[in-house]
Asker: 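First the structure, which I've put down as structure tokens, then a few questions once you've had a look.
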Amino acid sequence: MAKGTNDAKLLIQSLRKAYAATPTSLKIIDLYVVYAVATALIQVAYMAMVGSFPFNSFLSGVLSCVGTAVLAVCLRIQVNKDNKEFKDLPPERAFADFVLCNLVLHLVIMNFLG
Amino acid sequence: MGATSNASPAPLNSALSSFPSLKALKFTTKQQELLIRVSALALIYVLAFVVRLFSVLRYESMIHEFDPYFNYRTTLFLTKNGFSEFWNWFDSESWYPLGRIIGGTLYPGLMVTAALIHRILHFFSFAVHIREVCVLTAPFFASNTTLVAYFFGKEIWDSGAGLVAAALIAICPGYISRSVAGSYDNEGVAIFALLLTFYLFVKAVNTGSLAWSLASAFGYFYMVSAWGGYVFIINLVPLYVLVLLVTGRYSMRLYVAYNCMYVVGMLLAMQIRFVGFQHVQSGEHMAAMGVFFLLQVFYFLDWVKYILNDIKLFHSFLRITLTCAITVGVLALSIGTASGYISPWTGRFYSLLDPTYAKDHIPIIASVSEHQPTAWSSFMFDFHILLFLFPAGLYFCFKRLSDATIFVVMYGLTSMYFAGVMVRLILVAAPAMCLVSSIAVSATVKNLSSLVRAKSKSPQGSGKPLSGSKAAAKASADQSLPFQKNGAIALLLGALYLLCRYAIHCTWVTSEAYSSPSIVLAARGHGGGRVIFDDYREAYYWLRQNTPPDAKVMSWWDYGYQITAMGNRTVIVDNNTWNNTHIATVGRAMSSYEHEAYEIMLSLDVNYVLVVFGGVTGYSSDDINKFLWMVRIGGGVFPVIKEPDYLVNGEFRVDKGAAPKMLNCLMYKLCYYRFGEMTTEYGKPPGYDRVRGVEIGNKDIKLEYLEEAFTTSNWIVRIYKVKPPKNRW
């Protein structure tokens, strides 16, 4: 039991230390992802309290959060210098793709919101 | 390739210089290759269009079959009334008295595409009628499919394979069967959308670019708007992702490609009203969502493993996360399924996994001839040499495995399984077969021709004076080579012969089997001349011109779409078959005695009854042959109709020995009214039914509640008027 909590403490410490080493730009993207997921969870909790009508509005709200979180993660992957697969991709192109996909996502959301 | 290219420019340049006008143009090898490729593609494009035009040349430019008439009617409505009216259309002319919400129960892709093409043509002052656009939409999109097949082949193997794939799919009978000119059906556009989506997704996985992934999401949206078969895509792509994860071939590009496509694609797909919320509620779409969550967990763990350099700590973290994730997942899935929130697989798709399901539970699905399991002869008929080139292509794919070839292999295998379950799905397998076979053809031809070409160096080599040992070595090498070269030439000629036979077979199949409009029948007369039976259109136009505009017509559901489109009258049931009870009511009316049927017809406000009868011409797809299905479907809802009542010793007969209920039911009376006096064949008694091959049992038919309104010139379509109820006294 004590070993378990010890393990968990060690785990969290090493995670914190390793994460502190990541560049600031990636940390900003991570913050954005956490914010989007938190918003999605708040919406789900609200739906659980109030009921799911109108369902299309609920879906569009949750999916816009989840969608933009996922796209931000894709941006993080493409911009991260440690990923050798994407070393030829200029970060401006990655960001432009991110903006384009978000634009399409939110246009569809606005149509779906009802 | 580089070594042999020196040999090629010389003969080509000499050929070119023989044309005085082309002397000034000296193409480099690269330019020559580009010219050959572009001209080959252009010819393939035109070929794919032209080979589908047989029925337009033989009969006229008209819409075929049954379903396309509904699509044509909705497209007509769309061009006349605009998109907003179309999207919110409630149709009171079919399924009387229920009506049908057309805007919410169809896949609008095909109609919107045709209306768009029509509008563009009108913008450029080509005043074409919408019917011509509808008739030629499918061949046009078949040509576009060959282009997509070329790019797809180039992506998975090389440009040679792309060219072969384009050529194979241009004339593949499996695809032609549903995309001839006149076959204005969803599949004509859907196969183009399917292949486009797959190509864009494979491109996204190969490049890892968000832009390509977004494009594949749009391709998926087009596919969802076009055909219900999009369920295949939304299940194959997650399965592919799963296979890549399990075999360890995953990479960051896969994450980017799948996530963007899934989220944006799902949102776009939900804009189609007919699809609605199925992506989050239906069991058929849950695989995609499951893989989506699995991917998040998987890549999160991968990232944690990367930043934590310690293995042991990572293992404990892994244990915690996995147990949490699996518990949450299983809990969510079981609660969803148990509470009924996640609906189970619908009958249409469940019968693909369990082929015996439809026969026992849903007779309507089982009765459609396209839903029957496929016979070997159909496979040979529709695929010809692709049948043995497919395994050869699989071998080549496994030799050079990449993300793209794994996808094509999976697409091929899953679509072949489904093609074996249902005849109609041979269409979905056709592009996969062509792609995989093209790899086999291209790789083989390339190897053989490189063997043939390599010979040209050795005669030059042995001609030069060389030192003793070198000459001896070259001489010994020379001896094994001549047989190899001859063998290679022979094999190349064999491959050429096979491909020529394929082309001949495809053209013959298209001409004989797949170019019939079904609504116009042709036969050979006694003198060998062609006889045309245009009875269907004759009957529908009679309805259009001789009945009051609010008349209601009762017929079996096969003819519903055609009656509303061409006859312009309200029908009771049509091909949409969305309401089984309504169809069962009509089936019950057709199989009851005349007075019982009259009650049902009065309750439905029926004014005219239409039946199809082939006994005079020998046309075998008539209502008497379909009668047992009417009994089964009617009996499925109303137990008063029992199938054994109509059979004698389990046999279906219409002659003197037939069951008494059969001899007096409404369908029998309407089909054989006045037929007893008719001589159909020389030497046979009057009332000889040419389809069943017997003399009918009940010749003296009297109708009490209906009267004959119209019989077409070859007795194929017969229309009866329902008499109003008699006065009280």
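What's counted below: heavy atoms across the whole structure, side chains too, no hydrogens, waters or symmetry copies. Order of the sequence lines sets the chain letters (A, B, ...), proteins ahead of strands, with each chain counted from 1. Being a predicted model, the structure only gives us computed values, none of them experimental.
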Asker: Answer yes or no: does atom OH of A/Tyr19 have more than 12 heavy-atom neighbours from other residues, nucleotides or ligands under 6.0 Å?
Answerer: yes
Asker: Rounded to the nearest 0.5 Å, what's the gap from CG on B/Leu210 to CG on A/Leu75? Could you check?
Answerer: 8.0 Å
Asker: Among residues 60-68 of chain A, which ones touch chain B with a heavy-atom distance under 4.5 Å?
Answerer: A/Leu63, A/Val66, A/Gly67
Asker: Would you say that more than 12 heavy atoms from the other residues, nucleotides or ligands in this model lie under 6.0 Å from the CG of B/Leu322, or not?
Answerer: yes
Asker: Other residues, nucleotides and ligands only: do more than 12 of their heavy atoms fall within 6.0 Å of CZ on B/Arg249?
Answerer: yes
Asker: Which atoms form the tightest heavy-atom contact between A/Leu71 and B/Cys260, and what is the distance?
Answerer: CD2-SG, 4.2 Å
Asker: Under a 4.5 Å heavy-atom cut-off, does chain A meet the side chain of B/Tyr299, its backbone, both or neither?
Answerer: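 Answer is neither: B/Tyr299 stays 4.5 Å or more from chain A.
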Asker: Would you mind checking which part of B/Tyr262 comes under 4.5 Å of any heavy atom in chain A, side chain (CB onward), backbone (N, CA, C, O), both or neither?
Answerer: neither
Asker: Using a heavy-atom cutoff of under 4.5 Å, enumerate the residues of residues 51-59 of chain A that contact chain B, numbered in order, or state 'none'.
Answerer: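 Residues of residues 51-59 of chain A touching chain B at under 4.5 Å: A/Phe55, A/Asn56, A/Leu59.
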Asker: Is it the case that more than 12 heavy atoms not belonging to A/Tyr46 sit under 6.0 Å from its OH atom?
Answerer: no
Asker: At a 4.5 Å cut-off on heavy atoms, which part of B/Met270 comes close to chain A: side chain, backbone, both, or neither?
Answerer: both
Asker: Which residues in residues 99-114 of chain A have any heavy atom lying under 4.5 Å from a heavy atom of chain B?
Answerer: A/Leu100, A/Cys101, A/Val104, A/Leu105, A/Val108, A/Ile109, A/Asn111, A/Phe112
Asker: Which atom names give the shortest non-hydrogen contact between A/Phe86 and B/Thr207, and what distance separates them?
Answerer: CE2-O, 4.3 Å
Asker: What distance do A/Ile77 atom CD1 and B/Met252 atom CE have between them, rounded to the nearest 0.5 Å?
Answerer: 5.5 Å
Asker: Where does A/Arg76 contact chain B at under 4.5 Å (heavy atoms): side chain, backbone, both or neither?
Answerer: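 A/Arg76 touches chain B through side-chain heavy atoms alone.
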Asker: Which residues in residues 23-36 of chain A have a heavy atom less than 4.5 Å from any heavy atom of chain B?
Answerer: none
Asker: Identify the two heavy atoms, one from B/Ser209 and one from A/Gln78, that lie closest to each other, and give their separation to 0.1 Å.
Answerer: CA-NE2, 4.0 Å
Asker: Side-chain contact test, heavy atoms from C-beta onward, threshold under 4.5 Å: evaluate it for B/Phe292 versus A/Val70 and give yes or no.
Answerer: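 When only atoms from C-beta onward are counted, A/Val70 and B/Phe292 do touch, with a gap below 4.5 Å.
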Asker: Supply the atom-to-atom distance A/Asn80 CG to B/Trp303 CH2, rounded to the nearest 0.5 angstrom.
Answerer: 10.0 Å
